[in-house]
Amino acid sequence: MSKLQSKIPEGILADKWQNHKDSVKLVNPVSRSSLDIIVVGTGLSGASAASTLAELGYNVKAFCFHDSPRRAHSVAAQGGINAAKNYKNDGDSVYRLFIDIIKGGDYRAREANVYRAAEISNQSIDHLVAAGVPFTREYSGYPDNISFGGVQVSRTFYAQGQTGQQCLLGAYSGLNRQIAQGRVIMYNRRDMLELVVVDGQARGIITRNLVNGEIERHSAHAVVLATGGYGTIYYLSTLAVGSNATAVWAAHRKGALFSNPGFMQIHPTSIPQLNEYQGKLILMSESLRNDGRIWVPRTKGDKRHPDEIKEEERDYYLERRYPAFGNLVPRDVASRAAKERCDAGYGAGDSGQSVYLDFSKAIEKQGRKVIEKKYRNLFEMYEKITGVNPFNEPMRIYPAGHYTMGGLWVDYNLMTTIPGLFAIGESNFSDHGANRLGAGSLMQCAGDGYFILPVTIGDYLAGEIKTPRLHTDTREFEKAEKAAREKLLRLVAVNGRQTVTSFHKRLGRIMWDMCGMVRNEENLKKAMKMIKELKEMFWRDVRVPGTVNELNQELEKAVKVADFFDLGFLMCQDALDRKESCGAHFREESQTSDGEAQRIDSDFSYVACWEYRGDGEKHDLNKEELRFENVKMQKRSYK
Amino acid sequence: MDSFLKSSVGKKLVVSISGLFLIMFLAIHLTINLFLLAGPQAYNMAVHFMDTNLAVRITKPVLAVGFLLHISYSAILAISNIGNCRQKYAVVDQSKTSSWSSRNMFLLGSLIFIFLVLHLSNYWYKMNFGEMNYVDYEGIKIQDAFSLVTAKFVVWWYVLIYVAGAVLLGLHLLHGFQSAFQTLGLYNKIWRRRLSIIGIAYSLIITAGFSVIPVFFLLDAVLC
Amino acid sequence: MFMDFLDWTQLFNMEINLRIWRQKDADNQGGFVDYYLRNVAEEMSFLEMLDFLNRTLIENGDEPVAFEHDCREGICGSCSMYINGRPNGPVDNVTTCELRMTSFRNGDSIVIEPWRAKSFPVIKDLVVDRSAFDKIIQAGGFISVNAGTAPGANSISISKRISEEAFDAAECIGCGACVAACKNSSAMLFVSAKVSHLALLPQGQSEARNRARSMVEKMEELGFGSCSNTGACEIECPRGISLTHIARLNREFLKDSLKS
């Protein structure tokens with residue numbers, strides 16, 4: 001267990017972060033300017049970290065694979081960002097937010113980290129407002145809050161339906177300010193292919209310039225990964241098409257443990273698949289569930305138009321099964337319930353793979369104007385895509401892969417098991433347990449980037465003050481570069497017949513069917529076998545046109561998918577190991593008599609931390625036991 | 001000020017302010033011209049008033065400067081913009097997204113400029129530097145501008161040129177009027193609609209007003 | 001989720017003629033190449049149609065068409081194509097990824113070009129370099145506040161009307177459709193969106209005027225043209241950013257000039 005020292009500070013829960021801040025080592029301002037930090041990924045967490053570290057005086061090199069940091073997928077978070085401000089005076093507090101995240105995560109997250117995330121949420125909101133994020137306001141002129149994602153207080157700040165976009169642009173503008181001042185050097189259109197570890201410490205990265213294919217070496221005193229999630233492993237997901245696990249997987253191969261890879265949030269309200277060629281699924285914000293009612297026909301295979309299905313012929317199954325929370329049950333519960341109905345043959349639409357989200361009652365009660373005000377953007381977006389106006393006809397929705405609670409294992413300082421390598425935002429595992437609460441993602445990203453990492457990285461860098469700037473002409477860099485180059489050349493050299501996308505689609509289907517909303521031992525084992533076969537076929541018959549020395553989008557895809565085979569395999573291994581149901585992870589073998597998830601705290605109250613043993617080898621499992629001293633572990637019930 | 005004029009926004013402000021000034025001038029010009037319809041005496045008296053009024057005399061050089069600024073800064077902006085589209089699109093369909101006149105302001109302006117040269121040499125030059133007849137109204141001898149003006153309007157192609165000039169001017173104003181306010185920043189969601197309506201109305205009045213005079217005299221000559 | 005149980009052949013009935021700009025890289029001259037594509041479904045989005053084309057090309061041993069895309073839900077601003085003479089095709093106020101094949105008819109010819117502007121050089125096929133936008137933001141499109149110094153989020157009240165107007169401006173996704181639409185390749189709508197967003201909010205006002213000037217200067221330095229107020233940008237802008245923001249930018253610029 002020596003590998004996993006979570007470094008949780010002493011003291012009572014509420015004081016831990018303050019105590020920690022009081023005791024971490026500091027780097028004096030003069031020394032900071034001789035320390036280099038690499039930040040990979042410039043979404044909300046990466047951009048906020050890069051700009052804040054630059055404000056502190058460190059030399060920052062930031063990398064993103066887009067043409068601009070503004071395009072990171074944080075833009076797509078629609079709903080909001082949580083903070084325990086209690087502006088609504090409805091009894092909210094840091095403690096309550098902490099409890100909600102822990103409970104929402106089904107008691108599979110680390111108490112101290114979660115409490116800190118809740119505590120810092122308030123500072124993040126303050127900063128984002130000051131940075132010019134135009135949060136929606138009440139008529140009084142003060143920020144408005146809504147209730148979001150199955151909690152009983154209104155603590156979610158939002159900017160119409162584009163909270164993520166606005167928060168990211170806030171961080172992006174701060175980042176640009178530092179770029180203008182020369183404190184951050186921004187490298188756009190770079191894919192990180194390898195991590196460079198020197199004497200056990202993270203010392204640099206190898207990147208590919210996506211415009212001309214050049215392989216580049218970059219050194220630093222510390223490396224921060226802020227590379228987001230890998231929900232694209234399902235091929236169809238709500239994630240941006242370019243999202244990948246390349247950087248985290250590179251770190252994992254170099255020794256960073258990977259935690260809870262199987263915890264994958266499935267979002268209940270996405271627009272269903274419309275055709276076979278669909279490249280991605282489009283999310284409809286969860287906030288719609290505040291006013292929309294979810295139903296399916298009472299009769300199996302009822303293909304009538306929703307208008308013709310009378311009230312008494314509709315099954316509002318969430319309200320029926322979960323009278324206390326109704327349509328506002330957490331994401332995992334809502335998703336599974338939809339799948340259950342559709343699998344049983346009650347699904348709506350031609351495909352039977354969707355359920356209705358109906359606003360007629362809300363429109364009737366609150367008036368069209370009010371609903372328009374709240375959801376105009378979303379309704380317009382839905383109509384653009386499906387041709388159906390939600391004012392006249394219920395939306396059709398279906399669950400889709402969305403968020404990865406799992407990620408690189410980090411300690412309380414957000415450092416991975418490789419000294420000097422940090423992981424923040426969605427790329428780490430730390431705050432959301434087995435299921436993330438709505439509006440928790442932006443909260444974590446902003447907190448990690450603006451307020452946590454800038455403090456904790458200092459504790460590590462204080463020991464690096466005497467380390468001179470590293471040269472990149474060392475053996476380690478050379479080796480890493482060679483590995484990166486060889487992999488690219490190998491991909492092009494296969495010169496087979498099948499497209500990368502066709503492999504990705506097949507992998508996605510395996511993952512979705514067998515390691516998606518519902519898992520069981522038989523399927524997981526089958527999936528692992530199928531993934532292995534698919535991977536072999538990939539390396540035998542994939543076709544990557546073009547060369548490595550040019551802008552080559554197929555090569556970029558191939559790099560991504562090549563890692564996904566291994567990651568998918570690991571996800572299955574993790575899901576197989578966890579023989580309980582918890583949060584988003586539902587094992588059919590572990591359910592109650594009425595079909596609800598059955599958590600087994602006595603056996604599985606741990607973070608599964610997987611260790612890479614080599615290509616094609618099975619991972620080793622390390623466990624970080626979770627101790628709950630401040631909350632009582634309860635059965636999650638929304639009935 | 002130096003850096004102000006270096007920027008395109010500053011240059012546009014010059015075009016806008018001089019444009020608004022010219023818009024005002026057009027209104028006065030049209031008002032005086034409409035006296036033509038009321039007969040020789042009314043028109044000649046009006047012209048005489050304009051010639052002798054101190055305020056008007058002071059404004060005249062300002063007007064000239066206004067013209068020069070408007071033309072020169074428009075030209076500078078237009079020429080600098082030519083360099084910005086490195087490679088034109090193979091297919092362009094802008095008809096649905098912007099008005100023709102808004103895209104062709106420089107063309108319209110250039111045509112109006114040609115018209116202006118003709119117009120000035122016909123009237124303004126002759127009135128100021130040419131041999132003029134004088135008429136006597138109640139003991140005051142004043143230039144007979146009426147005859148000078150109307151003499152041209154019996155030639156059909158002259159009338160056609162003047163009507164064309166009025167139409168070009170109208171098209172120029174159709175975009176120029178609201179664009180001037182936009183550039184000045186006097187523009188919000190409510191005023192945007194209002195200004196656009198006022199702009200259309202103003203352009204129509206200018207075109208109609210300046211067209212009706214030559215047509216009237218042509219018809220008068222043809223029919224009587 | 002994977003609906004392969006439907007009879008897709010019935011739905012895939014469109015045939016289209018594509019004429020696409022192909023260019024190897026920034027240093028090479030490009031040209032148009034014609035493609036004839038069968039079995040296109042009306043249900044496809046425009047980008048899915050191109051995915052389909054690319055699959056066909058790869059399977060036939062050709063190089064696929066490079067184009068930018070990421071979120072595919074109209075918010076990241078990556079996609080950027082000039083389609084049949086208009087940025088993002090025949091529909092007003094959409095991104096290319098939001099464009100669907102229902103906007104075209106069986107047998108249509110579709111010409112696809114990259115954004116064309118001096119400041120947006122083509123990198124490959126339909127991919128252009130829009131980093132000039134980042135440089136404009138770097139010239140002042142931010143509020144200079146360091147993490148940790150912010151006052152409470154509710155310390156200032158901002159009227160709903162003002163905050164909504166600021167939001168309308170802040171909606172800009174930086175896609176460059178305004179530049180692509182403009183006959184002068186002007187980036188004024190982009191610049192004004194940021195200037196207006198920050199000038200409206202009390203937090204941004206102390207830097208507002210200087211911001212307007214330096215961002216406009218940077219825009220011009222980078223080779224974007226000046227604004228002729230034609231309004232094409234507003235109609236092509238996927239987020240419908242209003243021309244009135246350019247008016248506000250002009251106002252801020254004028255105020256700054258009068259002061260100095």
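Below, read A as the first sequence line, B as the second, and so on, with proteins coming before strands; counting in each chain starts at 1. This structure is a prediction, so every number in the text was calculated from the model and none was measured. Side chains are part of it too, since the values below use all heavy atoms of this structure and drop only hydrogens, waters and symmetry mates.
- The most heavy-atom pairs under 4.5 Å with chain A, out of C/Leu201, C/Asn146, C/Leu47, come from C/Asn146.
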_Set out, in order, the CA-CA distance, both residues' side-chain angles and the distance that settles salt bridge (Lys or Arg N to Asp or Glu O under 4.0 Å) for A/Glu550 and C/Lys124, then state yes or no._
CA-CA 9 Å; A/Glu550 60 180 336; C/Lys124 182 174 184 175; 3.6 Å; yes

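- Donor-acceptor pairing under 3.5 Å is lacking for the side chains of C/Glu48 and A/Gln278.
- A/Arg71 and C/Ile173 make their closest contact through NH1-O, 3.3 Å (heavy atoms, listed as atom of the first residue, atom of the second, distance).
- With chain C as partner, the option from A/Gly141, A/Gly242, A/Ala180 having the largest number of non-hydrogen pairs under 4.5 angstrom is A/Gly141.
- Minimum heavy-atom separation, C/Pro64 to A/Glu554: CG-CG, 3.7 Å.
- A pairwise comparison of heavy atoms in C/Gly174 and A/Arg70 identifies N-NH2, 3.4 Å as the closest pair.
- The CD atom of A/Glu138 lies 8.0 Å from the NZ atom of C/Lys160; values are rounded to the nearest 0.5 Å.
- Interface remark: C/Ile123 contributes side-chain atoms only to the contact with chain A (heavy atom separation under 4.5 Å).
- Note that CD of A/Gln181 and OG of C/Ser144 are 7.0 Å apart. Values are rounded to the nearest 0.5 Å.
- In A/Lys373, the NZ atom is not crowded: 12 or fewer heavy atoms of neighbouring residues, nucleotides or ligands sit closer than 6.0 Å.
- What you find for C/Asn154 and A/Tyr142 is that their closest heavy atoms are O-CE2, 3.1 Å.
- A distance of 8.0 Å separates SG in C/Cys172 from CD in A/Gln165, rounded to the nearest 0.5 Å.
- Here the OH atom belonging to A/Tyr277 is positioned 7.5 Å from the CG atom belonging to C/Asn39, to the nearest 0.5 angstrom.
- Using modelled atom types and a 3.5 Å distance limit, the side chains of A/His66 and C/Asp70 yield a donor-acceptor pair.
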Show the numbers, then the answer: is there a salt bridge (Lys or Arg N to Asp or Glu O under 4.0 Å) between C/Glu73 and A/Lys384? CA-CA 10 Å; C/Glu73 53 186 70; A/Lys384 264 184 201 167; over 6 Å; no

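- Shortest non-hydrogen contact noted between A/Ser173 and C/Phe142 is O-CB, 3.4 Å.
- Between the side chain of A/Arg543 and the main chain of C/Ile58, a donor-acceptor pair closer than 3.5 Å is present.
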